[in-house]
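What follows is one structure encoded as structure tokens, with my remarks underneath.
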Amino acid sequence: MEPTDGTTTARADLTPQGAPAPGPVTSAATARAYAESVARAQWGASGRGVREEDVVDLLLVVSELVTNAIRHGDGLAGFEARATDEGMWIAVHDHSAVVPRAASAFPTRHRGSGYGWPLVARLARDIAVDRRPRGGKTISVLVPLRETGAP
């Protein structure tokens, strides 16, 4: 990871307040479990159901972002997940102010690692990387989810 001036691809009108996980999220596994429970509760409560392939995408994005925070962001500082009408809004906070270079340019070559960010960019929308006022950064994304039976 190399420093940049920061970047965002988020729409200006999409800055939801997320819900922190009720218990400590210290791993990709606990983040996945929490995000999945929020998604299933939202779509289950309405009786709609959520497409399983979209849940798989959600879990992959959560895994990549949390793992990157732990491995490259000086540790996980927080995790938020919130259901929206369009899908799941995820925010991962870490302790490093270094913004991944790939945040501003999609990688065109692969050097043996680094599949995570291209996967996130392909599966999520409204990706934003913001520096936190007291240090570190937040990477937030919207993972689209569709109802069961939706095209």
Side-chain angles (χ1 to χ4, degrees), residues 1-43 50-146:
M1 297 173 78
E2 295 179 22
T4 69
D5 292 331
T7 186
T8 182
T9 59
R11 298 187 327 237
D13 63 337
L14 183 70
T15 313
Q17 294 298 314
V25 171
T26 57
S27 69
T30 55
R32 283 190 309 269
Y34 178 63
E36 182 175 7
S37 71
V38 171
R40 291 198 188 280
Q42 171 70 20
W43 274 265
V50 62
R51 290 176 64 152
E52 289 304 312
E53 58 266 32
D54 292 349
V55 173
V56 170
D57 291 350
L58 171 67
L59 299 179
L60 181 56
V61 169
V62 168
S63 288
E64 291 298 335
L65 292 177
V66 171
T67 299
N68 283 348
I70 293 168
R71 292 178 75 191
H72 306 293
D74 295 336
L76 185 62
F79 178 81
E80 300 175 58
R82 183 172 75 84
T84 72
D85 289 339
E86 300 176 59
M88 286 292 297
W89 177 81
I90 302 295
V92 177
H93 312 286
D94 68 31
H95 297 287
S96 172
V98 176
V99 175
R101 180 193 312 214
S104 59
F106 195 80
T108 57
R109 291 186 304 215
H110 187 265
R111 294 183 179 94
S113 66
Y115 282 115
W117 192 259
L119 286 171
V120 169
R122 184 162 180 95
L123 298 175
R125 325 188 309 235
D126 301 321
I127 299 169
V129 180
D130 298 299
R131 288 199 170 96
R132 296 176 28 210
R134 296 189 176 179
K137 68 181 167 298
T138 297
I139 297 179
S140 58
V141 302
L142 176 67
V143 180
L145 297 178
R146 297 166 290 175

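Just so we're clear, the structure is a prediction, and the values are computed from it rather than from any experiment.
Rounding to the nearest 0.5 angstrom, the gap separating the CG atom in Leu145 from the CG atom in Asp85 is 11.5 Å. In this structure, Ile70 CD1 and Ser27 OG are separated by 6.5 Å, a value rounded to the nearest 0.5 Å. Here the CG atom belonging to Asn68 is positioned 9.0 Å from the CG atom belonging to Asp94, to the nearest 0.5 angstrom.
Applying the side chain to side chain contact (heavy atoms under 4.5 Å, CB included) test between Val141 and each of Leu58, Val129, Asp126, Val120 identifies Val120 as the sole match. Applying the side chain to side chain contact (heavy atoms under 4.5 Å, CB included) test between Val62 and each of Leu60, Leu65, Val66 identifies Val66 as the sole match.
For Asp57, the salt bridge (Lys or Arg N to Asp or Glu O under 4.0 Å) test picks out no residue, with sequence neighbours left out.
Residues Leu76 and Val92 are in side-chain contact: their nearest non-hydrogen atoms beyond the backbone lie under 4.5 Å apart.
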- Item | Test side chain to side chain contact (heavy atoms under 4.5 Å, CB included) applied to Val143 and Leu123, step by step | CA-CA 7 Å; Val143 180; Leu123 298 175; 5.7 Å; no
- Task: List the steps and the verdict of side chain to side chain contact (heavy atoms under 4.5 Å, CB included) for Arg131 and Val99.
- Result: CA-CA 8 Å; Arg131 288 199 170 96; Val99 175; 3.8 Å; yes
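Between the Lys137 side chain and the Val98 main chain, a donor and an acceptor come within less than 3.5 Å of each other. Listed for the Arg125 side chain is no donor-acceptor partner under 3.5 Å among the backbone atoms of Leu142. The backbone N or O of Tyr34 lies less than 3.5 Å from a partner atom in the side chain of Ser37, making a donor-acceptor pair. Proximity of a side-chain donor or acceptor of Arg132 to a complementary backbone N or O of His95 within less than 3.5 Å is not detected.
Across Ala81 and Met88, no two heavy atoms sit closer than the pair CB-CE, 3.8 Å. The shortest heavy-atom contact between Ala124 and Ile127 is O-CD1, 4.3 Å. When all heavy atoms are compared, the tightest approach of Ala35 to Ile90 is CB-CD1, 4.2 Å. Phe79 and His93 make their closest contact through N-CD2, 4.0 Å (heavy atoms, listed as atom of the first residue, atom of the second, distance). The two residues Ala91 and Thr138 come nearest to each other via the heavy atoms CB-CG2, 4.0 Å. The two residues Ala83 and Val38 have their closest heavy-atom pair at N-CG1, 4.0 Å.
A salt bridge links Arg40 to Glu52: one of the charged nitrogens lies within less than 4.0 Å of a carboxylate oxygen.
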